[in-house]
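Given the structure is predicted, the values throughout are model-derived calculations rather than measurements. In what follows, every chain begins at residue 1, and chains take the letters A, B, ... in the order their sequences are listed.
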There are 2 protein chains.
Amino acid sequence: MLWRKEWVMKNNLRVQRAIKNITQAELADLIQVSRQTINTIESGKYVPSTVLALKMARVFNVRVEEIFDLEEGD
Amino acid sequence: MLWRKEWVMKNNLRVQRAIKNITQAELADLIQVSRQTINTIESGKYVPSTVLALKMARVFNVRVEEIFDLEEGD
DNA sequence: CTTTAATGTCAATTTTGCTTTACATTTGTT
DNA sequence: AACAAATGTAAAGCAAAATTGACATTAAAG
């Protein structure tokens, strides 16, 4: 049997926001997306584009990998 | 006048591939996308998802920011 | 020069990101 | 308790990502 790994992406946006003490709406404004976009990304409903990931990393002064993490699972 | 910055994302996938000496097809296979997906990302036709960016970073053993870079411009 | 591997590109389609609007629920303050 | 701010959620729609298949062009090798 040949196995292809499945990956799920997790994120710690809530934590990052908490550290900087900004709301979803404020983050949305900073990276120029809708508040719902932040909300749904944060709750893992969908995977953002790399542009958004890079913008967020800039806002929080961290590397992309410190916010988004690939984990094994389906 | 209030200015909202426009960003374009560049990538150096060709270079990263060259360093590892792998083809577009091989990279596609490694991260489980179609060869065309690699080709069009590489040529800047569209922006990949964060999952793909993370997978590529893993393949090349670099940070996402070392492959993808936000630059000012429209 | 001829063949093969690698890359470019196009069209058609499916899937997913992201938007807007709107409303419901939770959390925090006074 | 009452009110406001923050968050959750849902539907509808558009735009962009990603797929498949097919074919053309450009390297690279024999």
A:Glu42/A:Arg14 ion pair, N-O < 4.0 Å
yes

Selection from C:dG17, D:dA18, C:dG8 that lies nearest to any side-chain heavy atom of A:Val47
C:dG17

Counting only non-hydrogen atoms, which of residues 21-31 of chain A are less than 4.0 Å from DNA chain D?
A:Thr23, A:Gln24

For A:Val33 and B:Thr40, find the nucleotide of DNA chain C closest to each by heavy atoms; which residue's nucleotide sits nearer the 5' end?
B:Thr40

Looking for any heavy atom pair under 4.0 Å, which part of the strands does B:Ser49 touch: base, sugar-phosphate only, or nothing?
sugar-phosphate

What one-letter contact string describes nucleotides 23-30 of chain D from 5' to 3', where B marks a base within less than 4.0 Å of any protein heavy atom, S marks contact via sugar-phosphate atoms alone, and - marks no contact?
--------

Take atom CG of A:Asn39 and atom P of D:dA6, then tell me their distance rounded to the nearest Å.
14 Å

Starting at atom CG of B:Leu52, determine the distance to atom P of C:dT16, rounded to an integer number of angstrom.
12 Å

Considering the options A:Ile38, A:Ile41, A:Asp29, which one meets the side-chain contact (heavy atoms from CB on, under 4.5 Å) requirement together with A:Gln24?
A:Ile38

Regarding B:Lys20 and B:Glu26, does a basic nitrogen lie under 4.0 Å from an acidic carboxylate oxygen?
no

Integer-rounded Å distance: D:dT20 C1' and B:Gln32 CD
17 Å

Assign a letter to each nucleotide of nucleotides 25-30 of chain C from its 5' end: B, base within under 4.0 Å of a protein heavy atom; S, sugar-phosphate only; -, no contact.
------

What closest approach, in Å, do B:Val47 and A:Ser49 show between heavy atoms, and which atom pair accounts for it?
CG1-CB, 4.0 Å

